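Source: prediction; values computed, not measured. We count ligands from 1, going down the list as the structure has it; atoms in each ligand are counted the same way.
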Amino acid sequence: MGIQTGLARCISAVSTAALKHVFHRPAANFPGKIALYVDPHIIADMTKKLGKGSICVVGTNGKTTITNLIADALESAGQRVVCNRTGANLDSGVATSLLHATQSDWGVFECDELWLTKILPFTQSKYVLLLNLFRDQLDRVGEIDRTQNSIVNALKQSPKSILIYNGDDPLCEAIARKAPNPHVAFGIDEDLHLVNHTVSDAPMCQMCDGILQYRYRQYGQLGDYHCPKCDFARPALAFAAHNCHIGSDQIDFDVVHADSNKDQSTTAHIHADVAGAYMLYNLLAVYAASHLMGAPDSAIAEAIACFHPDNGRLQTIRIGNHNVLLNLAKNPTGFNQNLTLINQVKGRKAAAFFVNDKQADGHDISWIWDVNFDELADQDVVAFAGGIRKNDVQLRLKYGNVSAELIEDAHQAMQKILNDPSLDGCPVFMIANYTALPQVRQQLMEMAKTAQDVSASSDAQPLDADAAKTSFYAKDKPTFTMEHPLRIYHLMPKLLNLYGDNGNVKVLQRRCEWRGIPVDVHDVKFGEPANLGNADIVFLGGGPDRQQKLANEMLLSMRVQILDYVESDGVLLAICGGYQILGPSWYADGEKVKGLSILDMHTDPAPEGASRIIDNIVIDSPLSTRPVVGYENHGGRTYLGKDLKPFGTVHNHIGHGNNDDSGADGALYKHVVATYLHGPLLGKNPQVADWIIQKAIEHRLGRKVDLPKLNDDVENEANAFMCKRLGA
Ligand code: GLN
């Protein structure tokens, strides 16, 4: 051991003792951080403690659970294991776990996707387990291709590491193809027939501009896919799940392992007392990795059987006479999986959702609009909205036709549940994102110790979610009649949907329904003919460059009809990428792309050295008496021709809008509203939504109309929260 390494270890040992014994805090990161500061190579040096090597576990969802289970399986097999079990997954967390370890057999390390490049080159792990990639914290990590490139880059620096990856995920298959490492794929080799949620993070082929086709899709982008234009397809599965049964509290399946070395296959049966299709993927990943690392099937089965997480991931806590299931969810795919768990339980139940927006969560929470909360609408569920962004959660639930009560914390939610006789003994679900989870868990654990196993007193008021829903509806009927439903044409929703953009369509739809105005949403898929002559409202969302470019191609083929539609006062809402396309040109990855030339404006790339504009934004717009709040994330800078009016002016320097000079955002032309505001735009800005609906109806009927009034308290409170926070 060199002097530097010795010094690093010494300092970190002192800091560990101080943290634990003086400040009574867990020492999961800090000692490693100091040690790395003193000796940046300390991880490489300390891997000498690992007799057999290590595995790095990366992926968006499931890392902590899987890392712990692999460590458990190896320990059950009699191996000595070093593991960062609490999810401290940066280099400092890995370094800390190694510092605290004695001589061992295996290192099992959970790694943050973007930090693998700072860990793997030092550990030179025998295996890298890649679970899945979903859009997560885009304001922190940028688009998903950045995460992919970073993982490929890490793998290149440890070319002997064997990549064990989810072959059902096209984003992981692309990494396996681009990295030089040997690889084995796992996947589910049959259709699970799950409810197909709309969100998919990878509609396009990873190699060309084809749109992926699926023999079946399980959820998100996971499934048996192939590209119709090139050879990109799900790989052969070395570990394939068959005979899958997912019950409300158990999972059973067989893993068929095709061992190419031995030219034979073996089958193992997996049983677990947990629920959720995502757990099937997790268990399959655990099996594949543990098996390759030499754990016998009996040890893996034992680890799975003993799996009782107490880290807030799928943890059950008994409070009074309620079973409270606590789980982490931090992106649409994770949330949707939790909703499936909630829906599987029949009868009356309570669910609380907590969403924070701290640095570690990502400041942008527009992804909650990609969560299919609407599924709860016909369930007998009493819902609560919590976390720093509780107003946004309540708003999102409202547009899923779910009435949710605001709560300060888990304790308050639980008290309401305990006091409500109609909820006596019912199952409770508490779903929290990253930084919200520890507090929720702590409060629940405290209540578990104190709450008595007694029923609520019968004189307490039951929470009536159905009655609350009636407040969404207008008291008055419309004073006009429509022969056909109002038709919203949503152009290429799969390609163009960033930061909750699709939520705009939901807002328009619900605000019509709540007023008794018949409405019909028509999704126009890529390559499908569309006749805008039938449309009353056309919607175009934003997209990552590659998807925006493909959508642009189809829009160019529709140019004449889009131009006619706009010039004859058709209503069009276009967000960010969709807005850029309306001008004569914009840039994708530095390359100039010809746009529709419908608006007199153009979009330049970010100037040399300038970064992407990623910020909250507030503007003053003639379409709303309240400030319009949103979220922007764009590289392009847009400049309006001199006669084109902006959508609004940036309020109090909060945000950027079109570019850094003009202090304006978006464009208003005839009945076109074009803007950089994601979020989605219309959720917290209902007056803009109503302007769009009103213009569409007036255009159809050829006369002025008044829209019946709606109660917009929830919308306005969510708007006011952001205005206050941003100082507007
Ligand atoms: N690709 C475009 C840009 O970065 C638009 C992105 C978006 O729609 N958010 O400028």
Side-chain angles (χ1 to χ4, degrees), residues 135-146 199 201-204 209 332 362-367 369-370 490-505 526 539-556 572-596 599 601-617 619 630-640 647 655-662 664-667 673-682:
R135 272 200 199 150
D136 196 354
Q137 304 179 24
L138 287 189
D139 55 343
R140 182 173 76 91
V141 302
E143 268 304 329
I144 236 162
D145 50 0
R146 186 169 159 235
V199 49
D201 292 331
M204 272 179 83
D209 63 1
H363 297 307
D364 163 52
I365 57 142
S366 49
W367 55 266
W369 287 82
D370 292 326
H490 187 174
L491 303 188
M492 293 170 276
K494 275 193 180 169
L495 289 180
L496 298 177
N497 174 36
L498 273 183
Y499 313 105
D501 288 344
N502 287 354
N504 290 309
V505 172
F526 176 81
F539 177 67
L540 265 178
D545 282 359
R546 231 159 64 87
Q547 289 173 209
Q548 184 183 342
K549 200 169 148 211
L550 189 62
N552 190 99
E553 251 174 55
M554 164 145 160
L555 293 169
L556 273 180
L572 168 67
L573 173 62
I575 310 289
C576 199
Y579 162 37
Q580 294 174 347
I581 292 174
L582 298 179
S585 62
W586 60 280
Y587 283 77
D589 279 333
E591 177 201 337
K592 191 168 184 170
V593 182
K594 183 173 174 307
L596 295 176
L599 297 187
M601 55 174 245
H602 68 278
T603 300
D604 287 344
E608 200 55 38
S611 48
R612 249 182 120 68
I613 292 172
I614 305 178
D615 225 332
N616 286 302
I617 175 168
I619 62 169
Y631 170 78
E632 57 180 330
N633 188 341
H634 52 107
R637 306 320 203 236
T638 298
Y639 297 87
L640 306 185
F647 170 49
H656 303 258
N658 284 341
N659 53 63
D660 281 325
D661 309 318
S662 67
D665 172 76
V673 177
T675 171
Y676 271 114
L677 270 67
H678 296 282
L681 169 73
L682 301 180

Between the side chain of N497 and the main-chain N/O of N502, is any donor-acceptor distance below 3.5 Å? yes

Strictly distance-based, threshold 3.5 Å: is any side-chain N or O of E632 a donor or acceptor partner for the main-chain N or O of G655? no

Aromatic rings Y676 and H634: how do their planes relate, parallel, tilted or perpendicular, breaks at 30° and 60°? parallel

Taking only residues two or more places apart in sequence or in another chain, which ones pass side-chain hydrogen bond (donor to acceptor under 3.5 Å, both in side chains) with W369? none

Sequence neighbours excluded, which residues qualify as salt bridge (Lys or Arg N to Asp or Glu O under 4.0 Å) partners of D660? R637

Salt bridge (Lys or Arg N to Asp or Glu O under 4.0 Å) with D589: which residues, sequence neighbours excluded? none

Distance under 4.0 Å, heavy atoms only, partner ligand 1: which residues pass? L498, G542, G543, D545, Q548, C576, G577, Q580, R612, N633, H634, G635, G636, H678

